[in-house]
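Computation of the quantities below employed the complete heavy-atom set of this structure, encompassing side-chain atoms and omitting hydrogens, waters and symmetry-equivalent molecules.
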Amino acid sequence: MKRNVFLWVVVAFALILCSCKKEYKNAIPSNSLLVAEVNLANVAYKAGLNEKKDAIKQALMPLFETEEEKDDISEIISDPLAFGIDFLNPAYCFMLPQLDDPQAFLLFAVRDLKKVKEAFIDGDECEVVESEGLNWIYLEGSLVGAVSKTTLLIGNSGNRTAYKELLEQDKSSSFFATDNGKVFKSNIGDLTVFANLQVLPQDIKNRLRGEIEKALRSNDISLPQSSRLLDAAFASTLLLNMQFEKGLVKSKALVSGEITEFSKNNPAKAIDSKSMQYVSENNLLGLVACGIDGVAYWNYVKETIQSMAGMYGLSADVVSTIENFINQLNGTAVMAVSARSLNEDDFKVMCGLPVAKAEMLNTLNAIQPGLADQLNSAVAFEGNSELTVISSDKNYTFEPAQKSFKNTDKAQGQNMYVYLNAEYLTDLAYAEEINDSPYGLSRSEEQVFDWLRLLKYAEVKSDKADECLVEVALQNDKKNSLDVIVEKGLSYLR
């Protein structure tokens with residue numbers, strides 16, 4: 001009986017010790033300016049690194065001079081866990097908010113402390129010194145990191161106190177204990193980056209603000225909303241993630257803080273197909289579409305228009321005409337660019353605005369008498385009581401395209417949609433370069449086009465004020481996109 005009780009006590013004590021084992025991610029402080037995560041296991045699997053070990057060795061060996069270096073890199077590729085770092089857990093990079101003295105760190109989970117220490121012992125160049133309960137890593141006499149039983153921290157700080165405080169930090173003081181950390185965890189991709197401008201010291205914000213405003217003024221840009229937008233940006237956060245899938249690279253951008261409140265006033269509405277059906281698929285390079293609520297949009301840009309009116313001497317009647325015009329915008333605005341080649345004369349630009357043609361012409365003439373006639377002699381103005389189409393093609397016919405944009409269904413319901421026909425643009429660019437290069441392209445130029453030929457299209461879309469999605473499609477939709485990218489990279493190293 002006593003033996004059983006003793007065993008249960010030992011088991012309970014072991015469980016307590018396990019539960020108290022320090023989580024390596026606790027080293028990331030709550031006030032980090034930047035936090036980036038790489039899911040090493042996912043990235044390795046999706047890149048097919050296990051099947052490419054021999055190819056990677058063959059590609060990398062020529063980059064190293066000594067046999068010792070070649071042996072080390074070969075061992076790492078053959079068995080990444082041999083050096084004691086737990087590559088099955090994510091790796092992190094984080095930066096502290098002191099921009100005057102930038103401090104950045106790399107963070108890894110430790111699988112075997114002894115192996116990690118042995119990996120860093122390299123003759124006179126690198127040594128590991130044990131003291132204060134930690135193992136300090138020195139490179140050519142300079143402190144570059146510290147390692148505990150659970151955590152490896154490498155950084156550009158030469159201050160022992162900085163490493164010690166980070167490695168001994170409690171979970172309650174870490175980034176992942178904050179609301180921002182919770183948002184991070186709920187939006188993790190294969191690669192994830194989080195930036196928090198809120199933690200910047202006020203003097204740095206003031207300095208950055210001054211530089212930005214100076215740049216705007218030098219370009220004659222000084223609008224009422226610029227100041228408010230900068231205030232909102234410095235009180236906001238941004239999260240970006242990237243996910244590699246079959247034939248696709250997907251990314252999400254998520255903003256929060258005051259910039260979100262600022263953008264919620266943006267008068268976007270859902271895109272419909274009325275304007276989109278006038279976009280032809282033939283020779284299409286790309287397009288931009290957005291839904292507009294005119295009344296809300298006027299409230300959004302009113303101060304800017306009034307400010308510009310003062311700058312350019314526009315009368316109150318002209319401003320009133322512009323207000324009336326904007327108020328009538330209600331639907332989807334679209335701009336599309338097509339081309340048969342990259343010669344300037346072969347480009348065609350088409351803009352569709354959800355407003356009556358007559359109202360468009362009246363507004364132009366109100367801004368400057370005869371302006372509508374001047375523009376009408378240079379471009380085509382077509383439309384009806386709901387839609388105005390302006391085209392650089394003087395022979396444009398106002399009717400739905402026989403072969404309209406194929407991805408209209410992907411744009412519908414979004415507030416904003418951008419499309420780039422990367423495949424067609426690459427073909428045109430290559431043809432242009434060949435025509436301009438009688439002796440052919442250089443090896444580096446050919447390599448650039450070789451990379452570009454991986455792409456099919458790219459699109460950006462958003463149906464929320466605080467979120468934007470990016471999707472890049474590859475020609476090869478049978479393999480994971482990261483596998484395709486790594487394979488292409490290795491082909492140049494062989």
Side-chain angles (χ1 to χ4, degrees), residues 17 20-29 32-38 40-41 43-44 49 53 56-57 59-98 100-170 173-175:
L17 285 178
C20 291
K21 183 179 178 181
K22 198 165 189 65
E23 170 64 58
Y24 79 109
K25 291 185 285 188
N26 290 352
I28 305 174
S32 295
L33 173 65
L34 184 106
V35 178
E37 177 191 292
V38 182
L40 298 172
V43 168
L49 296 187
K53 285 182 178 180
I56 294 171
K57 288 180 186 178
L60 295 183
M61 287 308 160
L63 304 178
F64 297 91
E65 296 179 358
T66 69
E67 288 303 316
E68 185 179 4
E69 288 175 336
K70 291 180 180 180
D71 288 342
D72 286 343
I73 196 67
S74 178
E75 188 175 353
I76 290 174
I77 294 169
S78 297
D79 183 11
L81 301 179
F83 285 81
I85 295 174
D86 189 352
F87 288 109
L88 297 179
N89 275 302
Y92 293 90
C93 173
F94 62 92
M95 182 183 291
L96 303 184
Q98 299 91 337
D100 287 334
D101 180 24
Q103 293 187 31
F105 299 87
L106 292 174
L107 179 67
F108 299 91
V110 170
R111 183 185 182 91
D112 188 320
L113 176 59
K114 182 180 178 181
K115 289 182 178 179
V116 172
K117 291 167 65 176
E118 289 173 350
F120 279 101
I121 297 174
D122 182 19
D124 297 330
E125 292 185 0
C126 191
E127 63 175 337
V128 178
V129 177
E130 187 173 349
S131 68
E132 303 177 71
L134 293 171
N135 299 275
W136 306 95
I137 303 169
Y138 288 86
L139 179 63
E140 297 181 344
S142 298
L143 180 65
V144 295
V147 58
S148 68
K149 290 181 180 180
T150 61
T151 310
L152 169 62
L153 190 61
I154 304 293
N156 64 343
S157 174
N159 187 337
R160 274 197 178 194
T161 302
Y163 290 98
K164 189 173 179 63
E165 288 179 351
L166 291 172
L167 289 172
E168 294 179 350
Q169 187 167 246
D170 292 329
S173 301
S174 74
F175 169 74

What distance do [X] atom [atom1] and [Y] atom [atom2] have between them, rounded to the nearest 0.5 Å?
{"X": "F87", "Y": "R111", "atom1": "CZ", "atom2": "CZ", "value": "11.0 Å"}
{"X": "I28", "Y": "S173", "atom1": "CD1", "atom2": "OG", "value": "13.5 Å"}
{"X": "L167", "Y": "Y24", "atom1": "CG", "atom2": "OH", "value": "13.5 Å"}
{"X": "T151", "Y": "D86", "atom1": "OG1", "atom2": "CG", "value": "11.0 Å"}
{"X": "L40", "Y": "L88", "atom1": "CG", "atom2": "CG", "value": "9.0 Å"}

[X] to [Y] - nearest heavy-atom pair and separation:
{"X": "S148", "Y": "V110", "answer": "O-CG2, 4.0 Å"}
{"X": "P29", "Y": "F94", "answer": "CD-CE1, 3.6 Å"}
{"X": "L107", "Y": "A27", "answer": "CD1-CB, 4.0 Å"}
{"X": "L143", "Y": "G158", "answer": "CD2-O, 3.7 Å"}
{"X": "G155", "Y": "F105", "answer": "CA-CD2, 3.7 Å"}
{"X": "N159", "Y": "T161", "answer": "OD1-N, 2.8 Å"}

Option among L152, L113, V116 that satisfies the side chain to side chain contact (heavy atoms under 4.5 Å, CB included) test with N135 |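 Testing N135 for a side chain to side chain contact (heavy atoms under 4.5 Å, CB included) against L152, L113, V116 leaves exactly one candidate, L113.
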Backbone of [Y] reached by a side-chain donor or acceptor of [X] within 3.5 Å:
{"X": "W136", "Y": "S131", "result": "yes"}
{"X": "N156", "Y": "V144", "result": "no"}
{"X": "S32", "Y": "V35", "result": "no"}
{"X": "D112", "Y": "K115", "result": "yes"}
{"X": "K164", "Y": "E132", "result": "yes"}
{"X": "Y163", "Y": "S157", "result": "yes"}

State which residues pass ring pair (Phe, Tyr, Trp, His ring centres under 6.0 Å) with F108; sequence neighbours excluded, sorted by chain then number.
->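 Counting only residues at least two positions away or on another chain, F108 forms no ring pair (Phe, Tyr, Trp, His ring centres under 6.0 Å).
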Sub-4.5 Å side-chain heavy-atom contact between I154 and I137 =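 Yes, their side chains come closer than 4.5 Å.
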Show me the donor-acceptor pairs, under 3.5 Å and distance only, between side chains in residues 75-82 and residues at least two apart or in other chains.
residue: S78; atom: OG; partner: K57; partner atom: NZ; Å: 2.6
residue: S78; atom: OG; partner: S74; partner atom: O; Å: 2.9
residue: D79; atom: OD1; partner: L81; partner atom: N; Å: 3.3

Are E67 and K70 close enough, and set up right, to give a side-chain contact (heavy atoms from CB on, under 4.5 Å), and what steps lead you there?
-> CA-CA 5 Å; E67 288 303 316; K70 291 180 180 180; 4.1 Å; yes
Check the pair V43, V38 against side-chain contact (heavy atoms from CB on, under 4.5 Å), reporting the backbone distance first and the verdict last.
-> CA-CA 8 Å; V43 168; V38 182; 4.1 Å; yes
For K25, which residues count as a side-chain contact (heavy atoms from CB on, under 4.5 Å) partner, sequence neighbours excluded?
->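 Here the qualifying residues are E23, Y92, F176.
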